[in-house]
Amino acid sequence: MSDLEAEYRLDYFAEEDFVRKECPSCGAHFWTRDHDRELCGEPPCEDYRFIGEESFAEPRSLEEMREAFLSYFEDNGHERITPYPVAANRWRDDVLLTQASIYDFQPLVTSGQTPPPANPLCISQPCIRMQDIDNVGKTGRHTMAFEMMGHHAFNVREDAEEEYAYEGEVYWKDETVEFCDGLFESLGADLEEITYIEDPWVGGGNAGPAIEVIYKGAELATLVFMCMEQDPDGDYEMKDGNTYSFMDTYVVDTGYGLERWTWMSQGTPTVYEAVYPEMISVLKEHAGIDHTDSEAELIHRTAKLAGRMDIDEAEDMATARREIADRLDVDVDHLTALMEPLEDIYAIADHCRALAYMFGDEIVPSNVGTGYLARMVLRRTKRLVDNVGIDAPLDELVDMQAERLGYENRDTIREIVRTEEAKYRDTLERGGRKVEQLAAEYADSDKPIPTEQLLELYDSHGIQPDMVAEIAADTDATVEVPDDFYSLVAARHDDAGDDGGDADRDERFADLPETEKLYYDNQERTEFEAVVIDVFEAEDGYDVVLDQTMFYPEGGGQPADHGTLASDETVAEVTDVQLVDDVVLHRTDSDPGKGEFVRGQIDADRRRQLMAHHTATHIIGHATRQVVGDHIRQAGAQKSTDSARLDVRHYDRLAREDIKEIERVANEMVRANHSVSQEWPHRNDAEAEYGFDLYQGGIPPGTNIRLIHVGDDVQACGGTHVSRTGEIGAIKILSTEPVQDGIERITFAAGEAAIEATQATEDSLYDAADVLDVNPEDVPDTAERFFTEWKQRGKELDRLKDELAEVRATAGAEEVEIDGQSVVVQRLDSDIDELRATANALVEEGSVAVLGSGAGGSAQFVVGVPDDAGINAGEVVSELAGRVGGGGGGPPDFAQGGGPDVDALDDALDDAPEILRGVLNA
RNA sequence: GGGCUCGUAGAUCAGCGGUAGAUCAUCCCCCUGGCACGGGGAAGGCCGCGGGUUCAAAUCCCGCCGAGUCCA
């Protein structure tokens, strides 16, 4: 086992006369030009030494600092790269949001499968880190949204055996540290103040030596030398307890916090004032905050100590606040009242920026994934805004940041914020009513609202416990929130399913040659010849590997081709085709024989439908974007022969009007008979020209990517397509449904399937028209008339039954007297409603009613008893029903029952007087 | 993707095996010079849809559709 100490002995440090020291306070090793320095410089070993002073040659705004960084690295041979979206899940499925500039290049570039857009490169990448959310506003330095400036170089070792998408060494550790020094120097910093702390880095299966760059007490950059990967046999054990070994690629990954550098240059009390001064002052104005000179002075002194409010370090916020108040010798309540609105305002400014990033990069609020994170941030921001009493609408606040960040879809952003805000308002209203009910319930009892109820309110209805407390405060109900509330919530979710490991890689196909794929050459052809390279036995048939194939393997939501492989002796049916690495496997029902020549024939009708549906999917996506907005993004797609579906992200339900318009635009594209073309450009050129919207269906690996053009629409796509849109014939949207919040599924049919689907719909209409015996166009009116009439008749029937019952009760019934109580026993043979009505009428008259019916194939009883008769109707019915093989019951004054034995009904009714007597005497 | 909650009158909800209810809104009448309030009355329900259990289902069970919410 080795450690990484040698990795830090850089020539550059030696040339520049640096010394390596060990910090007596924290034990960390660091490098410095200042031979007399003792401490490493990082808090808590040392304090901030830049608040209230400009620590570079001149103060810079966020934009100026970004430009200073990028142009410095441009001057030093780096190419400036356009930032990527904050929605990192658009190109990788292991994370949701972009949290560092290196995220842009993982995993395809860092692993060497795909070339970087430039090498070396520099970038200022917008990032969002949700984990810091509780600290935002309070510590003076934490932001959820930030830009990570970085310069990256992607290197491959000279002795690497495999081939990678880039080669050789661009530069490594010495140059990286030299650049860092150079940047400081260009900004007019005091180089003696810099310390480089050795701090190995581990993350995401990779590791390497890394250096923290500290200046005047603040960590301004991290220089990571990613060069190792997790390896059970590795020689290096890192701080996560795993062992690592060196890999073929090694990558310079640096992170310079733009906001920190800006803050450092200005020396303002908090980072927020350095970064968005205008927004802060607008917010203060709206909140009506205006400080006296002495208050402002106190705030300034507090700011220097605000680092203690770090929730990760401090016991709890209240304690931290008290300590600060003690040190400043002021009343803690006074300090809290002064600071809290300010902290909220800082947080609002930051959160609005995060929201602008999210919605600007076309994240749609949802109950899953990034959409959920966006929803959480928005709701939190809304609470803060209400809390400090800012009278500006939230969409305007977010728009301020969106404008500053230069987004073009600002109208959509505002629309999303408004829609989301309205949803939240509904949730709060609903929740408020629920809480009020609960509070009323527990107001009388001395007990607090049970924890179980609080859990349900939060988990199922989204009401935070402190909101419950707030609402309950208006009543007499009390609320006690347990300290471990959120772990109790977590416990409710503890049986979270594991997603069963990845399927084992099949090693049998590893050494086979790549199958030549003919399906891209000419998508119209359906016949080809090939040599059988190998045949493997499968569970239900054979997996045939050919030297070349026209069969399209399942992928990108397009199902596999079917067809036949014919040799001189046999014809094998192909029922499935899969792509494993670069080898195409044809699943067949018989063995064509290894080494044989075969003639492949693919099912042309099936293929034509699939191609039509695939091209139609692109068209529908394009049409939807045009009709509904640029935020429309593919969330999944699946084609089949008789229909296809496209899931799109949208913040609302698609209206019927939208759907019609989408259908119209789509068919316009079909009629325009656009040519559908493919090309294989270098991915960097493709991205530069069309941007990330190319990757609707995920990001493909490789240096060159396949683009499909359908009219103005361009997508990276591996599927097969018709050659002109006119071949699709027609597109019919069959249905839309929400598959989850924020995602709408559009199901549609193309070509022949569109005709069939339309005919099927028409058939339903014609059938309905037949039943109603009207013309199809009269169906809606007639159906409505029938429905209304049907309801009216139901009411009429009820009324008549009541009438009939009254007549029966007053006229038809034979009364008997049992112990002075008049009783009517009668068989009516009508339905239970009528029996009930009659019984009610009899009871009104003061009689006990015992009614039986044999209608509907079973025996039914209703027994009604006047208030003071002293007979339990339930008992009577129960006894009667027992005699017909059933049961019954009900309240003492009105009971029902029955049983299957109709033949015994009359006997049972004959016994009724006896039973009544028995019950009366009991 | 998984868990939980909820679909009953136009709105908000109660009922949770035994005759579908309340409040507000609507309409009519009374009170008043007129309005607000107040009083009296009426109209308004495929109890989300489809199966099942039961003598009996708004109510219990299963599936579907829809809404909400928490977690990853």
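Letters go in sequence order (proteins before strands), and every chain restarts at 1.
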Can you tell me which nucleotide in [options] comes closest to the side chain of [X]?
X        : options             : result
A/Thr427 : B/U69, B/C46, B/G45 : B/U69
A/His461 : B/C70, B/U5, B/U69  : B/U5
A/Glu456 : B/U5, B/C70, B/G68  : B/U5

Taking the six-membered ring where the residue is Trp, are the ring centres of A/Tyr458 and A/Tyr486 under 6.0 Å apart? yes
Can we call the ring centroids of A/Trp91 and A/Tyr84 under 6.0 Å apart? yes
[N] and [M]: how far apart are their [atom1] atoms, nearest whole angstrom?
N     : M     : atom1 : value
B/G66 : B/A58 : P     : 24 Å
B/A11 : B/C4  : P     : 29 Å
B/G51 : B/G39 : C1'   : 49 Å
B/G44 : B/A56 : P     : 30 Å
B/G41 : B/G63 : P     : 47 Å
B/C62 : B/C28 : P     : 48 Å
B/C16 : B/C6  : C1'   : 14 Å
B/G48 : B/A57 : C1'   : 16 Å

Is [Y] paired with [X] through a side-chain N to carboxylate O contact shorter than 4.0 Å?
X        : Y        : value
A/Asp134 : A/Arg380 : yes
A/Arg883 : A/Asp901 : no
A/Asp658 : A/Lys660 : no
A/Arg836 : A/Asp833 : yes
A/Arg90  : A/Asp361 : no
A/Arg799 : A/Glu803 : yes
A/Glu436 : A/Arg433 : no

Dot-bracket encoding per residue of RNA chain B, Watson-Crick/G-U cut-off under 3.5 Å, | denoting interstrand: ((((((((.[[[[.)..(..]]]].(((((.......))))).....[[[[[..)....]]]]]))))))).
Rounded to whole Å, how long is the line connecting atom [atom1] of [X] with atom [atom2] of [N]?
X        : N     : atom1 : atom2 : answer
A/Leu455 : B/U5  : CG    : C1'   : 13 Å
A/Met376 : B/G68 : CE    : C1'   : 12 Å
A/Gln453 : B/U5  : CD    : C1'   : 12 Å
A/Lys423 : B/G66 : NZ    : C1'   : 13 Å
A/Asp652 : B/A67 : CG    : C1'   : 13 Å
A/Ile832 : B/U54 : CD1   : P     : 17 Å
A/Glu429 : B/U69 : CD    : C1'   : 16 Å
A/Asp831 : B/A56 : CG    : P     : 14 Å

Reckon A/Gln740 has a side-chain N or O less than 4.0 Å from the OP1 or OP2 of B/G1? yes
Side-chain N or O of A/Lys795 less than 4.0 angstrom from OP1 or OP2 on B/G45? yes
Does any donor-acceptor pair link the side chain of A/Asp459 with the base of B/U69 at a separation under 3.5 Å? no
Classify [X] by what it touches in the nucleic acid, base, sugar-phosphate, or nothing, heavy-atom distance under 4.0 Å.
X        : result
A/Arg653 : sugar-phosphate
A/Pro738 : sugar-phosphate
A/Ser858 : nothing
A/Gly874 : nothing
A/Asp426 : nothing

Against A/His351, only a single residue in A/Leu378, A/Val398, A/Val136 fulfils side chain to side chain contact (heavy atoms under 4.5 Å, CB included); can you say which? A/Val136
Listed by chain and number, what are the side chain to side chain donor-acceptor pair (under 3.5 Å) partners of A/Glu415, not counting sequence neighbours? none
Point-to-point distance, once rounded to the nearest 0.5 Å, from CZ of A/Arg785 to CG of A/Asp778: 9.5 Å
First encountered from the 5' end of RNA chain B, between A/Ala859 and A/Arg375: A/Ala859
Contact string for nucleotides 10-20 of chain B, one letter per nucleotide 5' to 3', B = base within protein heavy-atom range under 4.0 Å, S = sugar-phosphate only, - = neither, reads --SSS---BB-
